[in-house]
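Below you'll find the structure, written out as structure tokens, and then a few comments.
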Number of protein chains: 2
Amino acid sequence: MPEFLDLHSRTNKVLRAVAEVAMQRHGLHLGQDHLLAVLWKEDGRTPGEIAAAVNVSTPAVVKMSGRLVDAGLITRRRDDRDNRLVRLWLTGAGRALQAPIESERRHIEKKVTEDLTQEERELLMSALAKVHRSTVALMTESP
Amino acid sequence: MPEFLDLHSRTNKVLRAVAEVAMQRHGLHLGQDHLLAVLWKEDGRTPGEIAAAVNVSTPAVVKMSGRLVDAGLITRRRDDRDNRLVRLWLTGAGRALQAPIESERRHIEKKVTEDLTQEERELLMSALAKVHRSTVALMTESP
DNA sequence: GGTCGATCGCTAACCAGTTAACGTTCAGCG
DNA sequence: CGCTGAACGTTAACTGGTTAGCGATCGACC
């Protein structure tokens, strides 16, 4: 089992777990905060736009937005100019989550990188960015 | 959106996507190779042992092993000494996948880190290990 | 002004993963 | 020797995610 792939995926798993319990403290599941973040930045976007912004498929946004509607955090309404579009709008409850969620994520980021020196942190970011680019390149050429 | 968490999860996503298509070339889904890897190392282990080795819940192993049985890569048989135990055994097809899958993963690891110098690679690994430890610590103390 | 293709949201059927609850089987202890 | 509690696999119900395919709507073109 190659060491980098293994370490990276194990790290991802624990990071996800930590983020999950943090989000549950606010009644959210992991990933829902990303969707809300798009609306916090600009309300009334369509599922397709959100999917593109979050790098997720449109059906994933559709399902998740259904749960967020049930939770009373957003509402769904058709665009009256173009009737095949649907626009998602934050409710008061959804908007109220912005500050606590963002603070929560900053807290996690801080705790999780607190053992790194500033230099290590920068090298980690740039190395990870290189890996990201190489992976995207590998992905778009092989199929 | 904190930059490290974001970059790490985005990197994980593309890495998963690459691994997924690579595994599909051998008729596998992502994660199934990890389960098989445990059996390649030592055949005839129980779902609980495998779950612990792969850091996954037991039900996850149960479901996945069902699909691997359907695919003809493993068989499931109760232990005759202790009848509540179930042991998973590789079939010939399951054993035959070891070499190609391991080579596939090594190839991905190589391609994905090819833009890194040796020094960068080592720093990335050690930094990631630190993050991993801090995250585990954060996880076990907060709830 | 009608048709035809593109766009968009959505549903269905998968996959991996989780926790909670259930039924069996075993082992230790009275 | 029986009973009680622990260990184990399994099922059910949820989450996030995927691709394939359906239906409705819009826009452009003839």
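Each chain gets a letter, A, B and so on, in the order its sequence line appears, and its residues count up from 1. Since the model is a prediction, treat every value here as computed from it, not as a measurement.
- Taking a 4.0 Å limit (strictly below) on heavy-atom distances, residues 37-50 of chain A reaches DNA chain C at A/T46, A/P47, A/G48.
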Which donor-acceptor pairs under 3.5 Å do side chains of residues 30-40 of chain B form with protein atoms, sequence neighbours excluded?
unit_1	atom_1	unit_2	atom_2	d
B/Q32	OE1	B/H29	N	2.9
B/D33	OD1	B/G31	N	3.1
B/D33	OD2	B/R105	NH1	2.6
B/W40	NE1	B/G94	O	3.0

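- Side-chain N/O atoms of B/R76 include none lying less than 4.0 angstrom from OP1 or OP2 on D/dG9.
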Side-chain donor-acceptor contacts of residues 61-70 of chain A below 3.5 Å, not counting sequence neighbours, with atom names and distances?
unit_1	atom_1	unit_2	atom_2	d
A/S65	OG	A/V61	O	2.9
A/S65	OG	A/V62	O	2.8

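- In terms of the side-chain contact (heavy atoms from CB on, under 4.5 Å) criterion, residue partners of A/R84 (sequence neighbours excluded) are, by chain and number, A/D82.
- Classification of A/R106 and A/E109 as a salt-bridged pair fails, no side-chain N sitting under 4.0 Å from a carboxylate O.
- Nucleic acid contact class of B/V62 (heavy atoms, under 4.0 Å, all strands): base.
- Atom CE of B/M64 and atom C1' of C/dT18 are 13 Å apart (whole Å).
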For nucleotides 18-25 of chain D, give me one character per nucleotide, 5' to 3': B if any protein heavy atom sits under 4.0 Å from the base, S if the only such contacts are to the sugar-phosphate, - if neither. BBB----B

Kindly determine whether A/R87 and A/D43 satisfy salt bridge (charged side-chain N to carboxylate O under 4.0 Å, His left out), including the steps that lead there. CA-CA 9 Å; A/R87 301 202 169 272; A/D43 206 359; over 6 Å; no

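- In the hydrophobic cluster analysis, where Ile, Leu, Val, Met, Phe, Trp and Tyr join through side-chain heavy atoms closer than 4.5 angstrom, B/L90 is grouped together with B/I101.
- Atom-to-atom, CG of B/D79 to P of D/dG9 comes out at 10 Å; the value is rounded to the nearest Å.
- No contact: A/R87 has no heavy atom under 4.0 Å from any strand.
- Computed from coordinates, the A/L88 CG to C/dC10 C1' distance equals 13 Å when rounded to whole Å.
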Without placing hydrogens or testing angles, list every side-chain donor-acceptor pair under 3.5 Å for residues 124-136 of chain A, not counting sequence neighbours.
unit_1	atom_1	unit_2	atom_2	d
A/S126	OG	A/L123	O	3.3
A/K130	NZ	B/E120	OE1	3.2
A/K130	NZ	B/E120	OE2	2.9
A/S134	OG	A/K130	O	3.1
A/S134	OG	B/D115	OD2	3.4
A/T135	OG1	A/V131	O	2.6

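- Which of D/dT10, D/dG16, C/dC15 sits closest to the side chain of B/R67 comes down to C/dC15.
- Taking atom CD on A/Q24 and atom P on C/dA20, their separation rounds to 10 Å, with Å as the unit.
- Rounding to whole angstrom units, CG of residue B/N12 and P of C/dG17 are separated by 12 Å.
- Taking atom CZ on A/R10 and atom C1' on C/dG17, their separation rounds to 18 Å, with Å as the unit.
- Protein atom NE2 of A/H34 is 12 Å distant from nucleotide atom P of D/dG16, rounded to whole Å.
- By the criterion of side-chain heavy atoms lying less than 4.5 angstrom apart, applied directly or through intervening Ile, Leu, Val, Met, Phe, Trp or Tyr residues, A/L5 is not grouped with B/M23; the two fall into different hydrophobic clusters.
- Protein atom CD1 of A/I74 is 14 Å distant from nucleotide atom C1' of C/dG9, rounded to whole Å.
- Among the protein residues, A/Q32 comes within range of the sugar-phosphate backbone only, with heavy atoms under 4.0 Å from sugar or phosphate atoms but none that close to a base.
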Going through the checks in order, is the side-chain contact (heavy atoms from CB on, under 4.5 Å) test met by B/E49 and B/E42? CA-CA 11 Å; B/E49 290 170 345; B/E42 186 184 342; over 6 Å; no

